[in-house]
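The residues of the chain are indexed from 1 along the displayed sequence. Here the structure is a predicted model, which means the values were calculated and not measured.
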Amino acid sequence: MAKFCQICGKKLSLFSRKVLCEDCEKTNKAELEKREAERVNELKKAEEEIIRNKDISENLLKILKNHDKKSLINLYLKVYNEFESDKELEEKEIEVLKNIQDAFDLSNEEIKFDDQVRPYIYVNSIRKEESLPTINVQISGGSQVILKKGEVVHFAEKAVLNEMRSVSLGYSGGSQGISIPLVKGVRYRIGAHKGNIVKEDRLVQTSQGVLIISNQRLLLHPFPGNKPLSIQLNKILSYQCFGNGLEVYKEGREKGYFISLAKSGSVEIVELCLGHLLR
């Protein structure tokens, strides 16, 4: 059966796997390249306009909605990088980024909101209002947090509690002893022992749940089957933040608690909260 070009109708080779003739393929390729160049140029102009005005107009939002999600995420990150190039994010810049995120339904994970933007919200709140943002805590699949009178929550994030525990590593210096024959077929072994137990202090996971920082406490609200932790802020002797969590020491306890968090941005927020509350 004869085959024909889907655009111009020109007859194709019977054994050709193509659906377009050579001329139409060239024309089609050139058109695709032109559209791609226009798309890239449109995104570039939008990026420059947003950065210049620190705003995004309704008209620009309508234009950008024609672009694919990957391009919109890339646009968001370019605008963020430009706004944050001075290692600061102003309130107006955060607002613009939020408008882009909401308009195109970009998730926090897709734009790395918790690591890149959220800490600046706390920084600006401390600078402008001398206070921390407050949040509502909703925990799915478990009991809800019971707050004390006048208590408000500033931070909540999934976390793992680790504590120093003495762990047995086995035995050292054991002996098989010697075997002494008593009567035929019966022997008696003496001097056999497993040796001394070898132990070592190690960080061991003891609980997991939601780490909460309020204006009164640092607490771990446990997941079902785990134990809680609650430390009054005025009982905290010292704390130190690391890339993956924080170590806290409280009054009346020699060993500290190490609380690990999955997001580096969350650690920054914890440090901001505790620094402001305990200063």
Side-chain angles (χ1 to χ4, degrees), residues 5-9 18-129 131-138 140 153-158 262-266 268-269 272:
C5 174
Q6 290 184 355
I7 294 179
C8 69
K18 298 180 179 180
V19 294
L20 300 178
C21 67
E22 187 174 339
D23 290 338
C24 287
E25 267 196 344
K26 290 180 180 179
T27 303
N28 191 53
K29 182 180 179 181
E31 181 64 26
L32 289 174
E33 289 176 348
K34 179 183 177 182
R35 290 179 184 175
E36 176 61 17
E38 290 174 348
R39 185 188 71 83
V40 171
N41 187 52
E42 192 170 66
L43 287 167
K44 182 63 177 175
K45 285 184 176 179
E47 175 193 333
E48 291 172 349
E49 181 179 329
I50 294 168
I51 293 169
R52 181 175 62 253
N53 299 331
K54 290 190 177 180
D55 194 10
I56 182 165
S57 65
E58 289 295 326
N59 183 55
L60 191 55
L61 287 174
K62 290 178 182 178
I63 293 172
L64 291 173
K65 281 185 177 180
N66 296 321
H67 291 269
D68 62 279
K69 195 166 191 178
K70 183 178 179 181
S71 297
L72 294 172
I73 292 172
N74 190 44
L75 169 70
Y76 176 99
L77 295 176
K78 285 183 177 180
V79 172
Y80 167 82
N81 287 333
E82 184 62 33
F83 282 170
E84 205 261 346
S85 59
D86 59 353
K87 304 303 178 185
E88 295 282 352
L89 268 187
E90 301 170 4
E91 285 185 287
K92 181 63 176 176
E93 294 169 336
I94 293 174
E95 182 183 345
V96 172
L97 292 171
K98 184 63 176 172
N99 289 340
I100 297 174
Q101 179 183 6
D102 292 343
F104 306 124
D105 196 25
L106 308 181
S107 70
N108 287 347
E109 289 73 24
E110 288 172 326
I111 59 171
K112 302 177 182 177
F113 175 84
D114 289 330
D115 286 338
Q116 296 188 338
V117 178
R118 195 176 171 203
Y120 285 111
I121 295 175
Y122 283 75
V123 169
N124 288 329
S125 180
I126 293 171
R127 284 178 176 173
K128 184 178 179 181
E129 302 175 11
S131 64
L132 294 168
T134 58
I135 61 173
N136 293 318
V137 182
Q138 296 293 329
S140 59
V153 176
H154 300 299
F155 172 84
E157 190 68 60
K158 290 181 181 178
K263 302 170 184 174
S264 60
S266 295
E268 291 181 25
I269 294 172
L272 285 166

Colleague: To the nearest 0.5 angstrom, please state how far the CD atom of E47 sits from the CG atom of L60.
Modeller: 11.5 Å
Colleague: If you measure from the Lys or Arg side-chain nitrogens to the Asp or Glu carboxylate oxygens, is any gap between E36 and R39 under 4.0 Å?
Modeller: yes
Colleague: Could you give me the CA-CA distance, side-chain angles and deciding distance for V96 and I100, then say whether side-chain contact (heavy atoms from CB on, under 4.5 Å) is met?
Modeller: CA-CA 6 Å; V96 172; I100 297 174; 4.2 Å; yes
Colleague: Rounded to the nearest 0.5 Å, what's the gap from CG on L132 to CD1 on I126? Could you check?
Modeller: 5.0 Å
Colleague: Grab the two heavy atoms, one from K65 and one from F104, that are nearest each other, plus how far apart they are.
Modeller: CG-CE2, 3.6 Å
Colleague: So, taking the atom named CG in L43 and the one named CG in L72, what distance separates them when rounded to the nearest 0.5 Å?
Modeller: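 Interatomic distance, L43 CG to L72 CG, rounded to 0.5 Å: 7.0 Å.
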Colleague: Under the criterion side-chain contact (heavy atoms from CB on, under 4.5 Å), I'd like the reasoning laid out for H67 against L75: C-alpha separation, chi angles, the key distance, then a yes or no.
Modeller: CA-CA 10 Å; H67 291 269; L75 169 70; over 6 Å; no
Colleague: Hey, is K78 close enough to E82 for a salt bridge, meaning N to O under 4.0 Å?
Modeller: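 Judged by the 4.0 Å cut-off on N to carboxylate O distance, K78 and E82 do not form a salt bridge.
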Colleague: Considering only NZ, NE, NH1 and NH2 on the basic side and carboxylate oxygens on the acidic side, decide whether R127 and E88 come within less than 4.0 Å.
Modeller: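 Answer for the salt bridge query: yes.
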Colleague: So, for G265 and P119, which heavy atoms are closest and what is the spacing to 0.1 Å?
Modeller: O-CG, 3.8 Å
Colleague: Given side chains that start at C-beta, do those of V123 and L272 come closer than 4.5 Å, heavy atoms only?
Modeller: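 They are in side-chain contact.
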Colleague: Which pair of heavy atoms, one from I135 and one from A156, lies closest together, and at what distance?
Modeller: CD1-N, 3.6 Å
Colleague: Are E110 and K69 within salt-bridge range, i.e. N to O under 4.0 Å?
Modeller: yes
Colleague: Using a cut-off of 6.0 Å, state whether more than 12 heavy atoms not belonging to E58 lie near its atom CD.
Modeller: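 Counting other residues, nucleotides and ligands, CD of E58 stays at 12 neighbours or fewer.
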Colleague: On a heavy-atom basis, which atom in E49 and which in S57 lie closest, and how many Å separate them?
Modeller: OE2-OG, 4.0 Å
Colleague: Would you find a donor on one side and an acceptor on the other, under 3.5 Å apart, between the side chain of S125 and the backbone of S131?
Modeller: yes
Colleague: For the pair E157 (side chain) and S266 (backbone), establish whether a donor and an acceptor sit closer than 3.5 Å, ignoring hydrogens and angles.
Modeller: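 Between the backbone of S266 and the side chain of E157 there is no qualifying donor-acceptor contact (under 3.5 Å).
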Colleague: For Y120, does its backbone N or O pair with a side-chain atom of N124 as donor and acceptor, under 3.5 Å?
Modeller: yes
Colleague: Does N81 use its side chain to pair, donor to acceptor, with the backbone of L77 at less than 3.5 Å?
Modeller: yes
Colleague: State plainly whether the residues K26 and E22 are in salt-bridge range, i.e. N to O under 4.0 Å.
Modeller: yes
Colleague: Would a 4.5 Å heavy-atom cut-off, applied to side chains only, mark I94 and I121 as touching?
Modeller: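 Sidechains of I121 and I94: in contact.
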Colleague: Is any NZ, NE, NH1 or NH2 atom of the basic residue among E95 and K54 found under 4.0 Å from an Asp or Glu carboxylate oxygen of the other?
Modeller: no
Colleague: Report the C-alpha distance between S71 and N74 in whole Å, list the side-chain angles of each, state the deciding distance to 0.1 Å, and finish with yes or no for side-chain hydrogen bond (donor to acceptor under 3.5 Å, both in side chains).
Modeller: CA-CA 5 Å; S71 297; N74 190 44; over 6 Å; no
Colleague: How long is the straight-line distance from CG of D55 back to CD of E93, given to the nearest 0.5 Å?
Modeller: 12.0 Å
Colleague: Could you go step by step and tell me if F113 and L97 meet the side-chain contact (heavy atoms from CB on, under 4.5 Å) rule?
Modeller: CA-CA 10 Å; F113 175 84; L97 292 171; over 6 Å; no
Colleague: Salt bridge check, K263 against D115: does any charged N sit closer than 4.0 Å to a carboxylate O?
Modeller: no
Colleague: Considering all heavy atoms of both residues, which atom of I56 and which atom of I50 are nearest to each other, and what is their separation?
Modeller: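 Smallest interatomic distance, heavy atoms only, reads CD1-CD1, 3.8 Å.
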Colleague: Please lay out, stage by stage, how E42 and I63 fare under the test side-chain contact (heavy atoms from CB on, under 4.5 Å).
Modeller: CA-CA 9 Å; E42 192 170 66; I63 293 172; 3.4 Å; yes
Colleague: Using the rule given for salt bridge (Lys or Arg N to Asp or Glu O under 4.0 Å), can you reason through R118 versus E268, listing the C-alpha separation, both sets of side-chain angles and the distance that settles it, and then say yes or no?
Modeller: CA-CA 9 Å; R118 195 176 171 203; E268 291 181 25; over 6 Å; no
Colleague: For the atom pair CG (N136) and OG1 (T134), what is the distance rounded to the nearest 0.5 Å?
Modeller: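 Output value for this atom pair is 7.0 Å.
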Colleague: Compare every heavy atom of I111 with every heavy atom of Q116, then report the nearest pair and how far apart it is.
Modeller: OE1-O, 3.5 Å
